[in-house]
Amino acid sequence: MADRKCLALIAHDQKKDDLAAFAKAHEATLSGWKIVATGTTGGRVLDACPGLDVTRLKSGPLGGDQQIGALIATGDIDCLIFFVDPLTAMPHDVDVKALMRLAIVYDIPMALNRATAEQLIDFRRS
Ligand SMILES: O=C(CO)COP(=O)(O)O
């Protein structure tokens with residue numbers, strides 16, 4: 001898909017502020033990545049950091065998680081940061097599980113909260 005490494009960014013609604021703040025705090029690092037994101041998340045990241053190279057896919061509940069899962073299966077995603085909301089029931093929970101399953105199957109580094117994402121970003125920089 002790209003010469004640069006590809007990072008997938010996703011956040012559930014209650015975590016989108018956190019992900020936008022995370023992107024802003026790490027804007028310089030993220031500028032070295034090609035980024036793909038689910039639709040609404042990608043819009044929020046671009047609002048916070050208009051200079052980043054973000055491709056927006058479909059919104060999660062409309063197939064965006066599955067699109068990212070398919071990109072993992074084809075070897076086009078190198079890292080996944082997904083700020084999950086564990087306190088809200090999701091109609092597309094099966095899609096979320098399928099995405100996480102593929103990230104595990106293909107051994108993709110995957111951060112599911114901000115603390116882990118901070119470690120992952122630092123680790124991949126060094
Ligand atoms: O629902 C999501 C992930 O499961 C995120 O999708 P959006 O970024 O489109 O809100």
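Within the 4.5 Å cutoff, side-chain heavy atoms of Arg114 are placed close to those of Phe83. Using a 4.5 Å heavy-atom threshold, the side chains of Leu9 and Phe82 count as separate. Counting heavy atoms from C-beta on, the side chains of Asp65 and Ile10 come closer than 4.5 Å. Here the side chains of Asp85 and Met90 are in contact, with some heavy-atom distance below 4.5 Å. Residues Met110 and Leu112 meet the side-chain proximity criterion, which asks for heavy atoms closer than 4.5 Å.
Gln14 places no side-chain N or O within donor-acceptor distance of the main-chain N or O of Thr88, the cut-off being under 3.5 Å. Looking only at distances, a side-chain donor or acceptor of Lys16 sits under 3.5 Å from a matching main-chain atom of Ala11. With hydrogens and angles disregarded, a donor-acceptor distance shorter than 3.5 Å links the side chain of Asp78 to the backbone of Cys6.
Atom CG of Leu71 sits about 11.5 Å away from atom CG of Leu80, to the nearest 0.5 Å. Here the CG-CD distance, from Leu102 to Gln66, works out to 9.0 Å after rounding to the nearest 0.5 Å. Summarising the geometry, atom CD belonging to Gln67 is positioned 10.0 Å from atom OG belonging to Ser59; distances are rounded to the nearest 0.5 Å. To the nearest 0.5 Å, atoms OG1 (Thr41) and CD1 (Ile35) are separated by 12.0 Å.
Residue Asp107 qualifies as open at atom CG: its count of foreign heavy atoms under 6.0 Å is 12 or below.
Leu62 and Ile68 are not part of a single hydrophobic cluster, where members link through side-chain heavy atoms under 4.5 Å apart. The hydrophobic clustering, which links ILVMFWY residues whose side-chain heavy atoms are closer than 4.5 Å, places Leu57 and Val94 apart.
Residues Glu27 and Cys49 approach most closely at OE2-CB, 3.4 Å, considering heavy atoms. Of all non-hydrogen atoms in Leu52 and Leu30, the two that sit nearest each other are CD2-C, 3.8 Å. Closest of all the heavy-atom pairs between Gly42 and Val54 is CA-CG1, 4.1 Å. Taking all atoms of both residues into account, the shortest heavy-atom contact from Gly60 to Thr38 is N-CB, 4.0 Å. Heavy-atom minimum distance, Arg56 versus Gly39: NE-O, 2.8 Å. The two residues Pro86 and Lys15 make their nearest non-hydrogen contact at CD-CE, 4.4 Å.
Leu7 pairs with exactly one of Thr29, Ile81, Leu120 by the side-chain contact (heavy atoms from CB on, under 4.5 Å) rule, that one being Ile81.
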Please test Asn113 against Val84 for side-chain contact (heavy atoms from CB on, under 4.5 Å), starting from the C-alpha separation and ending with a verdict. CA-CA 7 Å; Asn113 61 19; Val84 172; over 6 Å; no
Where do Thr55 and Lys34 land on the side-chain contact (heavy atoms from CB on, under 4.5 Å) test, with the steps shown first? CA-CA 8 Å; Thr55 300; Lys34 176 165 179 51; 3.2 Å; yes
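Glu118 and His26 form a side-chain donor-acceptor contact under 3.5 Å, judged by distance and modelled atom types alone.
Taking 4.0 Å as the cut-off between side-chain N and carboxylate O, Arg44 and Asp17 count as a salt-bridged pair.
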